[in-house]
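Small disclaimer: the values here were computed from a predicted structure and weren't measured.
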Amino acid sequence: MAAKAEMSEAGITRMAGDSMASNMPGSGGDTAPVDDGTMEDILEKLKLLNYHVNFIQSWPSSKGHNFRPLTRTYFCVPAANSNEQYFYFASLTAWLVSVCGGKIDAPDQFGDPNVMSTNIIQALKELDLPVRDIMPSKIQQRGYGDSVLQTISMLCDQALKEKGFNFLPPVYPADKYDDDQQIEDPGMGDDGEIADDVAVREDSDDDDWYEGLPGYNKPNKEEAGMIESQVNPEAWRLELETVAPQLKLSQDDHLKDWRAHVEWIGNLLKKLNGVLPDVKQALKNVCEDIQKAIEKLQKRESTLSYQFQEQIEKYKSVHQELKHYQENYNTCNQSVNNLSAKLNQITEDLERVKIDIQDRESAMSDSKPLVNIKKALSDLKAETKNMELRIGVLQYTVLHQAIRQAHNSEMKEVIADDDTNLL
């Protein structure tokens, strides 16, 4: 059944119109714009959803947290307790998602804000709501701002759509005034000055916040007037004239003389001595009554002690056993702590030994040094062959030079012999 929200004079008029219709889901826009009046629109939508009863009093997450009705700037500015503000936002969002027919995990006041923000974004995506303009980082870091207001506004619109609310365009009454007729300003006097007794309409928005609460009675205008007394003024004046002389503290002028003052003090002493026996006897009677009451209490206390002697002894024995068990528990707890410390030390030593064994095993199983040795041997063999080849070449060169020198010396000797023979 589609219910229609009629425009009333109780404060919903600013929600109607083309601007509100354009902000509803499926009206052509992606997300509702955020401005200074967004939080007020959210409050009016929540009142239509009856969030005072359905959320503050009945929602499971609100039990034990004492959620208060929202104000016009609650999600616009940071609150004194940021954790409470974010939990309020998460709980309100979870309730709106459930009203829209979606599913979301119940928020935890001490849970991870990143997880709860991710759940909120996922729930919005499942409801086919646009999340392009919503920044998850701002939702995670704080529970106020444009992203928070956009989220709540979209969910409120979707919830009203699910409930079947339709916002009609505003209907303006036809003008019944003649165009040529001069309109008088009710706030102006005969001579054009502003009248002092202009009626001011009382703002009833605060009363609208609590109208949904059970047991709330809106104050009657007749009872809210000036309190009038029902006492007869003449009888009051006569009574005042009778009592007034007794309320005045008068001091005789003759007391200014010290002799008269001493005489006055003597008279007071005589009066006190006359009243003293009666007062003393009355105090004695009161003392006797108190003594009798104390004796009765002592007898009653002794009777109760005798009647509950067995329970008292049993309590003492149980208390002694409890003390003994407590001492044993403390001793065992101390020994457990010592053994736990030893176990931790042994575990650390074991881990250290395991690390050393692993290092040695890795060093033993590593074949890189052997490969390096083989490579070095092959390089030595190659260098040895080169050296041997160079030695052979050098030996050949030296031998060839020696042979050449020997041949030259022989040739010189032959030439010298020939020269000798010629001579």
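- Applying the side-chain contact (heavy atoms from CB on, under 4.5 Å) test to Ile357 and every residue at least two apart in sequence or in another chain returns Val353, Glu361.
- The CD atom of Gln150 lies 10.0 Å from the CD1 atom of Ile42; values are rounded to the nearest 0.5 Å.
- Under a 4.0 Å N-O distance rule, the pair Arg237/Glu234 qualifies as a salt bridge.
- Residue Glu126 qualifies as enclosed at atom CD: its count of foreign heavy atoms under 6.0 Å is above 12.
- Under the 30°/60° scheme for interplanar angles, the aromatic rings of Trp264 and His261 are found to be tilted.
- What you find for Gly274 and Pro277 is that their closest heavy atoms are O-CD, 3.5 Å.
- Tyr88 is not listed as a side-chain neighbour of Asn81, based on a closest heavy-atom distance of 4.5 Å or more.
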Under 3.5 Å, side-chain donor or acceptor atoms of residues 373-390 against the rest of the protein: list the pairs with distances, not counting sequence neighbours.
| unit_1 | atom_1 | unit_2 | atom_2 | d |
| --- | --- | --- | --- | --- |
| Ser378 | OG | Lys374 | O | 3.4 |
| Ser378 | OG | Lys375 | O | 2.6 |
| Thr384 | OG1 | Leu380 | O | 2.7 |
| Asn386 | ND2 | Ala382 | O | 3.2 |

Assess whether side-chain contact (heavy atoms from CB on, under 4.5 Å) is satisfied between Ile152 and Thr38, documenting all intermediate values.
CA-CA 10 Å; Ile152 300 176; Thr38 301; over 6 Å; no

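- Glu310 is not listed as a side-chain neighbour of Lys314, based on a closest heavy-atom distance of 4.5 Å or more.
- Scanning all heavy atoms of the two residues, the minimum distance from Pro107 to Met116 falls at CB-SD, 3.7 Å.
- For the atom pair Cys100 SG and Met154 CE, the distance stands at 10.5 Å (nearest 0.5 Å).
- Of all the heavy atoms in Thr118 and Asn114, the pair that sits closest is OG1-O, 2.7 Å.
- The OH atom of Tyr325 lies 5.0 Å from the CD atom of Glu321; values are rounded to the nearest 0.5 Å.
- Residues Thr93 and Leu155 are in side-chain contact: their nearest non-hydrogen atoms beyond the backbone lie under 4.5 Å apart.
- A side-chain contact (heavy atoms from CB on, under 4.5 Å) with Met39 is found for one member of Thr73, Val77, Leu70 and no other, namely Leu70.
- In this structure, the side-chain contact (heavy atoms from CB on, under 4.5 Å) partners of Glu288, at least two apart in sequence or on a different chain, are Lys284, Asn285.
- Among residues two or more places apart in sequence or in another chain, the side-chain contact (heavy atoms from CB on, under 4.5 Å) test is passed with Tyr329 by Gln326, Asn333.
- Separation of atoms CG (Leu127) and NZ (Lys125) is listed at 13.0 Å; rounding is to 0.5 Å.
- Remark: side-chain polar atoms of Gln85 are paired, donor with acceptor, to backbone N or O of Tyr74 under 3.5 angstrom.
- You'll find the side chain of Glu162 stays beyond 4.5 Å of the side chain of Val99, heavy atoms only.
- Distance check: Cys76 SG to Glu40 CD gives 9.0 Å after rounding to the nearest 0.5 Å.
- The salt bridge (Lys or Arg N to Asp or Glu O under 4.0 Å) test applied to Arg300 returns no partner, not counting sequence neighbours.
- Looking at Tyr315 and Val318, their side chains never come closer than 4.5 Å, going by heavy atoms from C-beta outward.
- Annotation for Tyr51 and Pro69: closest pair OH-CA, 3.6 Å, computed over non-hydrogen atoms.
- Here the side chains of Leu46 and Phe55 are not in contact, with every heavy-atom distance at 4.5 Å or above.
- When side chains are defined from C-beta on, Thr151 does not count as touching Phe75, because their heavy atoms never get closer than 4.5 Å.
- A pairwise comparison of heavy atoms in Cys156 and Lys45 identifies CB-CD, 3.8 Å as the closest pair.
- The minimum heavy-atom distance linking Lys47 with His52 is given by the pair CG-CE1, 4.4 Å.
- With rounding to the nearest 0.5 angstrom, the CD1 atom of Ile104 is 5.5 Å from the CD1 atom of Ile120.
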Show me the side-chain donor-acceptor pairs of residues 338-349 shorter than 3.5 Å, one per line, residues at least two apart or across chains.
| unit_1 | atom_1 | unit_2 | atom_2 | d |
| --- | --- | --- | --- | --- |
| Asn338 | ND2 | Gln334 | O | 3.2 |
| Ser340 | OG | Val336 | O | 2.7 |
| Asn344 | ND2 | Ser340 | O | 3.1 |
| Thr347 | OG1 | Leu343 | O | 2.6 |
| Asp349 | OD1 | Arg352 | NH1 | 2.9 |

